[in-house]
Structure formats: C-alpha cells, structure tokens
Enquirer: 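Quick one: structure below, then a few questions.
When reading the values below, keep in mind they use all heavy atoms of this one structure, side chains included, and skip hydrogens, waters and symmetry mates.
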Amino acid sequence: MSPRSASVNEELRRRSRERLLQAAVELVGEHGYDATTLGDIADRAGSARGLVSYYFPGKRQLVQSAVHRLMHRTLEEALEREPRTDDGRERMARAIDAILGLARDRPVLMRQHMAGILQAEGFMQCPEQRRLAELLREVCVGHGSADPDTDYPMLRALLMGAVYAALVPGVPMPVPVLRAELFKRYRLDREQGVPPDAEAVSGGMCDMDLSRYFATGSPPDCPEGRPDPSAQSK
C-alpha cells in the first residue's frame, strides 16, 4: 500500500481531534467533569490514550475547547437557520437564544465550563473559542455596532453572566427572565429569535445527538467500521 498523502494524514488528524472533542462534551455532560477521565474520553472517541496529550495539554483545555466548539456550532446553526436573514436585530436575538439555550438544555456541561473558566488556568484561547468570538463580533457588527471591538467583549460578558446566573446552584435565575433583560438591552422584540412559548410548544430545542457539530465521519482511506489509522500513529 502506498504511503498516505500529507492531505490525507492532515484529515485523519483533524477527525481524530474532532472525535476527542465530541467525546469530551458527551461524557462531561453525562457524568460531570471530575468523574470523567482522559482515558474515558479516549475510549469513547476510539482513540489511543496517548493521542489526547498530542492534541491537548490536559483535561481542562480539552473540555474548554470541546464546549467552545459546541457553542460556536450551536450559534452558527442558529444564525443560518431557515428562513435565513441579514436583519441584525433578528440575528442578535438568535445569538442570545442559542447561548441561553445551552444553559437550559445542557446545565451540567455548561456549569462545568463556567467553573473551569474560574479556575487558576482561566479562560484559554483555542481555535474553537476564536471562531465563537468571530461569530459574536459579526453579530455585533450586524446589529449596528460602531465599535465592535468594545461591544463584542460586552456582549460576551453579558452572555457569560447570564449563563452563570442561570446555573448558580440553589438560586438559579429563570432563563426567560434573563432573556427578557438581554432583549431589553439590545432593543429586541420578544417574538424575535426563539420565543420561550415557541420552545414550550415544541418541547424544547435540546438534541442529544451531537454528531452534527463534530466532523467525525470516516476520513479518506478509512471506510466505516475500520479503526482510524491515526489512533495508532502517534
């Protein structure tokens, strides 16, 4: 068999990393951060355990990257949802509802994410976080911001604060109340985005299948049902 090309090897590495991100989101959401080990994540991803440290310095960095991936893909999906629109106020409403929806639908995962940010390592930059930042900045620009470099950090802070408020053990604030405050600040109509009553009718927006957020299908030269060669190559 001839050696794989550089492009195929790069695709194999990318998909291995994606599987680790998806496995981290699933396991932390199911069992919490402390009960999830790097070995558990590697096993769920079908990867060699040494591959985790090849891509990520540690569990905290892996989980932050995984949650940022889920956040930016959830936001991206909300912004591109049909009917697509360029209306800045509607896109801001969709962005707010997307992030608050994660706090509502995935409380264990998002609570662990917020707790991780407050640890000594703090907020860590990664490709997934940068994509989330780009999307939120674009939302600010579309909403009419004259200074997105100032307005984007404020939007990020408000969304993080709202998620934190929704998840504080013992004294959580209702997501509809937090939504109403954010909508008031950004002068949005209640009917924009995904109104709470629409979610009640549909039974909520939570989808337990996360595969669409992670490119984890069979890579080139690796048909379904066969192990990923990259799992043995590091």
Side-chain angles (χ1 to χ4, degrees), residues 21 24-25 28-29 33 56 60-81 85-168 172-190 192-194 196 205 210 213-214:
L21 291 171
V25 163
V28 173
Y33 180 84
F56 303 97
R60 184 71 64 189
Q61 291 88 341
L62 167 55
V63 172
Q64 274 206 33
S65 292
V67 177
H68 282 137
R69 163 57 63 88
L70 179 62
M71 291 174 73
H72 94 63
R73 290 300 303 274
T74 299
L75 176 57
E76 192 171 58
E77 186 175 82
L79 294 174
E80 297 303 315
R81 185 179 66 241
T85 180
D86 293 325
D87 180 84
R89 295 175 72 244
E90 171 62 21
R91 291 175 69 81
M92 177 65 78
R94 291 185 183 190
I96 292 170
D97 283 338
I99 302 304
L100 289 181
L102 287 171
R104 179 194 64 232
D105 297 334
R106 306 189 190 278
V108 173
L109 182 66
M110 295 304 292
R111 188 178 293 117
Q112 297 293 335
H113 178 61
M114 298 302 296
I117 290 174
L118 295 174
Q119 296 294 317
E121 298 91 342
F123 189 77
M124 288 172 263
Q125 298 284 340
C126 62
E128 288 73 23
Q129 185 277 327
R130 286 193 289 272
R131 180 55 182 152
L132 176 63
E134 290 169 1
L135 287 171
L136 288 174
R137 191 179 188 282
E138 290 169 7
V139 167
C140 288
V141 171
H143 190 253
S145 171
D147 186 5
D149 291 333
T150 297
D151 293 338
Y152 151 66
M154 179 57 69
L155 173 61
R156 181 185 64 196
L158 289 169
L159 289 172
M160 290 176 67
V163 169
Y164 180 84
L167 298 175
V168 176
M173 289 191 67
V175 168
V177 172
L178 295 165
R179 179 186 194 265
E181 285 299 310
L182 288 169
F183 271 43
K184 181 179 179 181
R185 178 184 178 86
Y186 288 101
R187 300 181 181 179
L188 306 175
D189 297 331
R190 183 182 184 280
Q192 292 178 301
V194 183
M205 303 295 288
L210 300 176
Y213 297 123
F214 301 88

Enquirer: Would you give the length of the straight line joining atom CD of Glu134 to atom CG of Leu136, rounded to the nearest 0.5 angstrom?
Expert: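 It is 10.5 Å, given to the nearest 0.5 Å.
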Enquirer: Decide yes or no on side-chain contact (heavy atoms from CB on, under 4.5 Å) for Leu118 and Met114, but give the supporting numbers first.
Expert: CA-CA 7 Å; Leu118 295 174; Met114 298 302 296; 5.6 Å; no
Enquirer: Under 4.5 Å between any side-chain heavy atoms of Met110 and Leu167, yes or no?
Expert: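 Yes, close enough: below the 4.5 Å cut-off.
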Enquirer: Would you mind checking if Asp151 and Arg137 are paired as a salt bridge, meaning a charged N to carboxylate O distance below 4.0 Å?
Expert: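 A salt bridge is absent here (no side-chain N lies under 4.0 Å from a carboxylate O).
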Enquirer: Would you say that Arg156 contacts Leu132 through its side chain, given a criterion of any heavy-atom pair below 4.5 Å between the two side chains?
Expert: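 Arg156 does not reach Leu132 side chain to side chain.
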Enquirer: Closest heavy-atom contact between Leu75 and Ala98?
Expert: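 Smallest heavy-atom distance, with atoms named: CA-CB, 4.2 Å.
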Enquirer: Can you tell if the side chain of Phe183 reaches within under 4.5 Å of the side chain of Asp97, non-hydrogen atoms only?
Expert: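 Phe183 vs Asp97: side chains touch.
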Enquirer: What's the shortest heavy-atom distance between Gln129 and His68, and which atoms?
Expert: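 Result for this residue pair: CB-ND1, 3.6 Å.
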Enquirer: Considering the options Arg94, Met92, Gln192, which one meets the side chain to side chain contact (heavy atoms under 4.5 Å, CB included) requirement together with Asp87?
Expert: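 Testing Asp87 for a side chain to side chain contact (heavy atoms under 4.5 Å, CB included) against Arg94, Met92, Gln192 leaves exactly one candidate, Gln192.
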Enquirer: For Arg91 and Leu79, indicate whether the former's side chain and the latter's backbone hold a donor-acceptor pair under 3.5 Å.
Expert: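 Yes.
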Enquirer: Stepwise, does the side-chain contact (heavy atoms from CB on, under 4.5 Å) test hold for Val163 with Leu102?
Expert: CA-CA 8 Å; Val163 169; Leu102 287 171; over 6 Å; no
Enquirer: For Arg131 and Glu128, run salt bridge (charged side-chain N to carboxylate O under 4.0 Å, His left out): C-alpha distance rounded to whole Å, both residues' side-chain angles, the deciding distance at 0.1 Å, then the answer.
Expert: CA-CA 5 Å; Arg131 180 55 182 152; Glu128 288 73 23; over 6 Å; no
Enquirer: Tell me, with the steps shown, if Arg106 and Leu70 meet side-chain contact (heavy atoms from CB on, under 4.5 Å).
Expert: CA-CA 11 Å; Arg106 306 189 190 278; Leu70 179 62; 3.8 Å; yes
Enquirer: Does the cation-pi check pass for Arg111 over Tyr33, that is, NZ or CZ under 6.0 Å from the six-membered ring centre and within 45° of its axis?
Expert: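 No - Arg111 does not lie over the ring of Tyr33 by the 6.0 Å and 45° rule.
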Enquirer: For the residue pair Ala166 and Val175, what are the closest heavy atoms and their distance?
Expert: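 That would be CB-CG2, 4.1 Å.
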Enquirer: Can you tell me which residue pairs pass the ring pair (Phe, Tyr, Trp, His ring centres under 6.0 Å) test with a partner in residues 124-154, sequence neighbours excluded?
Expert: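 Only His143-Tyr186 qualify under ring pair (Phe, Tyr, Trp, His ring centres under 6.0 Å).
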Enquirer: Under the salt bridge (charged side-chain N to carboxylate O under 4.0 Å, His left out) criterion, do Glu76 and Arg73 qualify, and how do the steps go?
Expert: CA-CA 5 Å; Glu76 192 171 58; Arg73 290 300 303 274; 3.3 Å; yes
Enquirer: Could you walk me through whether Leu159 and Leu182 pass the side-chain contact (heavy atoms from CB on, under 4.5 Å) test, one step at a time?
Expert: CA-CA 8 Å; Leu159 289 172; Leu182 288 169; 4.2 Å; yes
Enquirer: Of the non-hydrogen atoms in Ala24 and Leu62, which two are nearest, and what is the gap between them?
Expert: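 Smallest heavy-atom distance, with atoms named: CB-CG, 4.0 Å.
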Enquirer: So for atom CG, which belongs to Asp147, do other residues, nucleotides or ligands contribute more than 12 heavy atoms lying within a distance under 6.0 Å?
Expert: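 Yes.
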Enquirer: Restricting to non-hydrogen atoms, name the atom on Pro148 and the atom on Pro153 that form the minimum distance, rounded to 0.1 Å.
Expert: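 So the two residues come closest at O-CD, 3.9 Å.
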Enquirer: Hey, does the side chain of Arg179 reach the backbone of Arg190 with a donor-acceptor pair shorter than 3.5 angstrom?
Expert: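 Answer holds: yes.
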Enquirer: Decide yes or no for Arg69 and Val25: does some side-chain heavy atom of the first lie under 4.5 Å from some side-chain heavy atom of the second?
Expert: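 Side-chain contact under 4.5 Å: no.
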Enquirer: Write down the atom of Glu90, the atom of Gly193, and the distance for their closest heavy-atom approach.
Expert: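 Reported closest heavy-atom pair: OE1-N, 3.2 Å.
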Enquirer: Look up atom CE in Met71 and atom CD1 in Ile99, then write down how far apart they are to the nearest 0.5 Å.
Expert: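 Those atoms lie 4.0 Å apart.
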Enquirer: Can you confirm whether Val28 sits close enough to Val67 that some side-chain heavy atom of one is under 4.5 Å from a side-chain heavy atom of the other?
Expert: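 Contact flag for Val28/Val67 side chains = no.
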